[in-house]
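Everything on this sheet refers to the single structure shown next.
Because only heavy atoms are used, hydrogens play no part in the values below, and waters and symmetry mates are left out as well, while side chains stay in. All residue numbers in this chain count up from 1 along the given sequence.
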Amino acid sequence: MPSEEISRGYVSFFSQSGLRLSNLYWGQLSHAIANDLAPIWADPKKLKKQLSAVISPNDPPETQIRQIYARMQKIRNLDYEPAQTQQEAKRQHLKESNSVEDVLKRNYGFGDEIDFVFVALLKAAGFEAAPLLVRSRDRGTFDPEYPVLNQLDAWVVWVEAGGKNYFLDPATRYCPFGTLPWKKSGTAGIALTVGASLGLSKNTSTQYTGIVTTPPLVSTMAVLERTATLNLDGEGNAEGRVSVTYSGQEALARRIAGIPMDEAKRRDVLEEEVKTWLPGATVKLDRLEDWESQELPIHAQFNVKLPGFAASTGRRLLFRAALFNGGAQPFKSPTRINPVYFNYPSEEKDDVTWNLPDGYRVSGHPENQDRSTLFGNFAFSSEDSGTKFQTHRRFTTANQSVAVDFYAALRSYFNGVRLNDESQIVIETTGGQNAAK
C-alpha cells in the first residue's frame with residue numbers, strides 16, 4: 001500500500017503571510033528561494049579554475065556533464081555518516097561550508113550542498129541548470145493545494161544540453177548518470193530559478209504554474225537477472241551454480257543498503273536473499289564483482305545445494321517450473337481496501353538449465369506463454385534436448401501505482417504468473433540398467 005501519509009485522511013490547519021495561494025504561488029516561491037540561495041551558488045566566473053581541472057572545453061556537452069557529475073560523486077557526502085557531536089567534528093577538522101567554493105576546497109559536504117556545487121559548475125560551463133526541490137515518493141505526494149514548503153523534501157538537479165533534459169542526482173552515492181533513485185522519480189516539485197523560466201516542460205496536470213515533474217521509471221531500469229545450471233540426481237537432489245545480475249534500481253538499492261556494512265556482512269545479506277528464492281537451499285557466495293562501481297551492474301555467483309528439491313513418485317520426479325520464488329507472490333487476497341503502490345516497475349529474467357539424471361527424460365512441462373497486460377508482461381518457454389532441459393522466464397511489472405478499482409485485473413495477472421511458476425515439470429525413467437538403479 002502507499003505510505004500512511006498518502007492513504008490516511010487528515011485535516012491540516014495553517015496560516016499564511018507573504019505570498020498568497022494563487023496559480024502563480026509556486027513559481028513565485030521558487031524565485032524567492034533561488035534569490036535567497038544565490039550567494040551560496042557563487043559567481044560562475046570564480047569557478048573557472050576548478051572547472052578546468054574537471055572538463056575539457058573541446059568535449060561534447062554530455063561528456064562535460066558526465067565529467068562534472070563524476071567529480072561530484074567523489075565528494076565525501078556527510079549525509080551517509082552518523083551524526084557527529086561538535087567534538088567529533090572538531091577532531092576530524094570538519095567545518096561548516098558557506099559557499100560552493102568551500103565544498104570544493106574541502107571535498108566534503110551534505111547532499112544539498114553537493115547539488116548546489118553541481119549546479120554552480122554546470123552554470124560555469126555554460127549550461128542552463130537548476131536544482132529541483134521535490135517530494136520524496138516514500139514519504140508522500142506533493143499537494144499544490146497545500147501551500148507549505150516543507151512537504152518538498154528531496155533535491156534533484158536539472159540540466160539542458162543539446163535540446164535534451166537531464167535529471168540527475170549527484171548527491172546519492174552510486175547513482176548512475178542519467179537516472180534517479182526511485183524515491184525521486186515520477187514525482188513533482190518546483191525548480192529554483194531566478195528571473196526567466198527554464199526551458200523545461202512544466203507539469204500541466206494542475207492549475208499552478210512553475211510545478212515540474214521528474215521522469216517516471218520503466219521496468220528496464222530495474223532488472224534482476226538470474227541464470228542457473230543445476231545437476232539433478234535420481235533421488236530428487238539438485239546442486240550447481242546460480243549467477244545473479246542486479247541492474248539499475250536493483251543494484252542501486254543494494255549498494256545504498258550496504259554502505260554501513262563491511263564486505264563479510266554484504267556477502268551474508270546476499271546469501272540470505274538467495275535463500276528466500278530457494279527455500280531449504282544451502283547457499284555459498286563464490287564471487288562478487290563490481291559492487292563499488294557507479295555504472296556497472298552487480299554480478300554475484302553462488303554455489304547452491306537443494307536437497308529433496310524434486311518429489312519422487314516411483315518412476316517419476318516432479319519439480320516446480322520456476323526454480324526461484326519470484327515477485328509474483330502478493331495479491332492472494334480476493335479483496336483490497338488500499339491502492340497498490342510499487343516502489344518502481346521491475347523485470348525478472350530467469351534462465352535455468354537442468355542436467356537430467358541418467359536414464360530420465362522429460363514427460364511433462366508447462367506450455368509456452370507470452371502474455372501482455374496493462375500491468376506487465378509474462379513469458380515462459382522451454383527447450384528439451386534429451387539430457388538437458390532449459391526454461392526461460394520473463395516477468396515484468398509496469399506500474400508505479402494501481403487504483404483499487406483495477407485490483408481484480410492486477411490480481412488476475414499475478415495469479416496467472418504464480419500458477420505457471422507453481423506448475424510441475426515431470427521427468428520419468430526411460431528403462432534400462434541405469435534407470436533401474
Side-chain angles (χ1 to χ4, degrees), residues 223-245 273-283 301-332 347-373 376-396 412-437:
V223 181
L224 177 64
E225 190 169 358
R226 300 174 289 203
T227 304
T229 301
L230 299 172
N231 300 315
L232 186 67
D233 66 24
E235 296 179 353
N237 304 308
E239 65 176 292
R241 299 178 77 82
V242 172
S243 297
V244 185
T245 300
E273 181 179 27
V274 175
K275 289 178 183 178
T276 65
W277 302 336
L278 303 170
T282 301
V283 179
Q301 192 168 77
F302 304 85
N303 294 320
V304 301
K305 293 183 179 180
L306 298 101
F309 178 78
S312 177
T313 59
R315 297 178 61 248
R316 292 183 176 86
L317 292 173
L318 297 82
F319 54 93
R320 274 171 45 100
L323 169 63
F324 304 102
N325 282 343
Q329 300 306 309
F331 313 130
K332 295 180 181 179
E347 185 171 343
E348 293 177 353
K349 296 181 178 181
D350 297 331
D351 293 294
V352 181
T353 298
W354 293 97
N355 293 317
L356 304 181
D358 290 343
Y360 280 80
R361 63 175 179 84
V362 174
S363 60
H365 58 81
E367 295 181 355
N368 291 350
Q369 291 195 42
D370 192 351
R371 182 183 179 190
S372 296
T373 73
N377 303 314
F378 176 71
F380 178 88
S381 62
S382 61
E383 301 171 14
D384 183 5
S385 61
T387 59
K388 293 183 179 182
F389 188 72
Q390 295 177 301
T391 60
H392 311 283
R393 176 184 179 273
R394 302 290 184 271
F395 169 55
T396 69
S412 175
Y413 171 56
F414 273 70
N415 279 345
V417 176
R418 189 162 53 244
L419 286 172
N420 187 87
D421 288 349
E422 295 173 355
S423 60
Q424 299 291 309
I425 295 172
V426 182
I427 63 173
E428 63 181 7
T429 58
T430 57
Q433 186 176 5
N434 290 335
K437 290 182 180 179

**Item:** Aromatic plane relationship, F319 with W354 - under 30° parallel, 30 to 60° tilted, over 60° perpendicular
**Value:**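 Rings of W354 and F319: tilted, 30 to 60°.
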**Prompt:** Where does the angle between the aromatic ring planes of F414 and F331 fall among parallel (under 30°), tilted (30 to 60°) and perpendicular (over 60°)?
**Reply:**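 Perpendicular.
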Any side-chain heavy atom of [X] within less than 4.5 Å of one from [Y]?
X	Y	answer
I427	P357	yes
R361	T430	yes
R393	V417	yes
V242	F324	yes
T276	N325	no
L318	T313	yes
E239	L230	no
V223	K349	yes

Can a donor-acceptor pair be found, under 3.5 Å and without considering hydrogens, that links the side chain of [X] to the backbone of [Y]?
X	Y	result
T396	N377	yes
R315	T429	yes
Y360	R316	no

**Request:** With R371 as the cation and F378 as the aromatic partner, state whether NZ or CZ is under 6.0 Å from the six-membered ring centre and within 45° of the axis.
**Result:**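 So R371 doesn't make the cation-pi contact.
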**Message:** Quiz question: by atom type and distance under 3.5 Å, do the side chains of Q424 and R320 form a donor-acceptor pair?
**Reply:**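 There is no such pair (donor and acceptor under 3.5 Å, judged by atom type) between the side chains of Q424 and R320.
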Mind listing the closest non-hydrogen atom pair of [X] and [Y] along with its distance?
X	Y	result
H392	E383	NE2-OE2, 3.2 Å
K275	A281	CG-O, 4.1 Å
F309	A238	CB-CB, 4.5 Å
L323	L278	O-CD2, 3.4 Å
A321	N420	CB-O, 3.6 Å
L232	A310	CD1-CB, 4.3 Å

**Item:** Aromatic centroids of F389 and H365 separated by under 6.0 Å
**Value:**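 Yes.
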**Message:** Could you check whether E347 pairs with R394 (Lys NZ or Arg NE/NH1/NH2 to Asp/Glu carboxylate O, under 4.0 Å)?
**Reply:**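 R394 and E347: not salt-bridged.
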How many angstroms lie between atom [atom1] of [X] and atom [atom2] of [Y], to the nearest 0.5 angstrom?
X	Y	atom1	atom2	answer
Q369	S382	CD	OG	11.0 Å
N368	T391	CG	OG1	11.0 Å
R418	Y413	CZ	OH	12.0 Å

**Prompt:** Which is it for Q390 and D351 under the side chain to side chain donor-acceptor pair (under 3.5 Å) test, yes or no, and what are the steps along the way?
**Reply:** CA-CA 7 Å; Q390 295 177 301; D351 293 294; over 6 Å; no
**Message:** Could you walk me through whether N237 and L306 satisfy the side-chain contact (heavy atoms from CB on, under 4.5 Å) test, starting with their C-alpha distance in whole Å, then the side-chain angles of each, then the deciding distance to 0.1 Å, before giving a yes or no?
**Reply:** CA-CA 6 Å; N237 304 308; L306 298 101; over 6 Å; no
